[in-house]
Amino acid sequence: MWVFLQLARAIMFSYLPCVLTAIAVSLVTCHAQCKCPGISGLLGRDGLKGQPLLWGLLSLLGEQGKWPQGLPYSPDTELYNMLVNLKYRLSRLEGVLALTGKIREVGEKILASNGKEVDFASALESCEKAGGTLAAPRNEEENKAILGIVKQYNRYAYLGIKGGETSGQFMYIDGTPLNYTKWHPYEPNGKGTEKCVEMYADGSWNDKKCNLYRLTICEF
Ligand code: MAN
Ligand code: CA
């Protein structure tokens, strides 16, 4: 009997905060499909400072309102709280950038253009300077996302693909072979004289000389 009581007490103790927190959470309206407000955003930035217990409990609920696996409650959750908060702030930033047409997200990739038309080498250089590389579609979904930017600026773009030594052979910038292609009918036709690849306004590809002025689209 005593054991049973202790057990019941333990369960009460460990679950009561969850229940209370769940009630508190449900009182707060979620916006943007509840994508990421999580708990960290409830009281705003640093809003829970000085209330480590509540902060910890709220944060432990995580983004989807679930207890993160394998994370026992501990008042020492500062680092975890910071990560949850950072994630939330990042997702809001991404929302702003996507809304204003500055970026497109496709899978894990972020695509962006500086709107500039330059030769292949300069385009690649500006992407790398920004910490990315020239966008290269690895599947239909990514091709469509890049096409979205081509249409947005109404300009053909250089892709992060280059011709190899063997004529007609193309690869990614890092030298790995292409795992997806979207050649326009009868392309590539440069027979080794067109070592870069441009995307047309319908999303198809054409091998093209590298010294022309094409839209810069980077991936990150
Ligand atoms: C031009 C160039 C070529 C392309 C043909 C298609 O000559 O853009 O790269 O293959 O047009 O007609
Ligand atoms: Ca061509």
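Indexing begins at 1, ligand by ligand and atom by atom, following the structure's order.
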Practice problem: Give yes if a backbone or side-chain nitrogen or oxygen of E187 is under 3.5 Å from a nitrogen or oxygen of ligand 1, and no if not. | Solution: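 It does: an N or O of E187 is found under 3.5 Å from an N or O of ligand 1.
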Self-check item: Any N/O pair E198/ligand 1 closer than 3.5 Å
Solution: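 E198 vs ligand 1: no N/O contact under 3.5 Å.
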Quiz item: For Y213, does the OH atom have more than 12 heavy-atom neighbours from other residues, nucleotides or ligands under 6.0 Å away?
Solution: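 Not buried by this count: 12 neighbours or fewer within 6.0 Å.
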Quiz prompt | Nearest protein heavy atom with distance in Å, relative to atom 9 (O) of ligand 1 | solution =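 Going atom by atom, the protein heavy atom closest to atom 9 (O) of ligand 1 ends up being E194 OE2, 2.5 Å.
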Quiz item: Can you tell me the protein heavy atom closest to atom 11 (O) of ligand 1 and the distance?
Solution: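 Here the closest protein heavy atom is Y200 OH, 4.9 Å.
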Flag, side chain of [X] to backbone of [Y], donor-acceptor distance under 3.5 Å:
| X | Y | result |
| --- | --- | --- |
| K209 | C196 | no |
| E219 | A136 | yes |
| S204 | K182 | no |
| Y158 | L212 | yes |

Exercise. From the options K209, K208, H184, select the one whose nearest heavy atom is closest to atom 2 (C) of ligand 1.
Key: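 Looking at heavy atoms only, K208 sits closest to atom 2 (C) of ligand 1.
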Taking only Lys NZ, Arg NE, NH1 and NH2, and the carboxylate oxygens of Asp or Glu, determine whether [X] and [Y] approach each other closer than 4.0 Å.
| X | Y | answer |
| --- | --- | --- |
| E117 | R155 | yes |
| R214 | E198 | yes |
| K208 | E194 | no |

Quiz item: Going by the order shown, which atoms of ligand 1 are within less than 4.0 Å of some heavy atom of N206?
Solution: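 Selected atoms, number and element: 3 (C), 4 (C), 8 (O), 9 (O), 10 (O).
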Quiz item: Looking at D207, which atoms of ligand 1 are within less than 4.0 Å of one of its heavy atoms?
Solution: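 Within the 4.0 Å cut-off of D207, ligand 1 contributes 9 (O).
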Quiz item: Between F170 and W183, is the ring centre distance below 6.0 Å?
Solution: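 Ring-ring flag for F170/W183: true, centres closer than 6.0 Å.
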Self-check item: Under-3.0 Å protein N/O/S neighbours of the Ca ion (ligand 2), ordered by chain then residue number
Solution: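 For the Ca ion (ligand 2), the protein N, O and S atoms that sit under 3.0 Å away are E187 OE1, N189 OD1, E194 OE1, N206 OD1, D207 O, D207 OD1.
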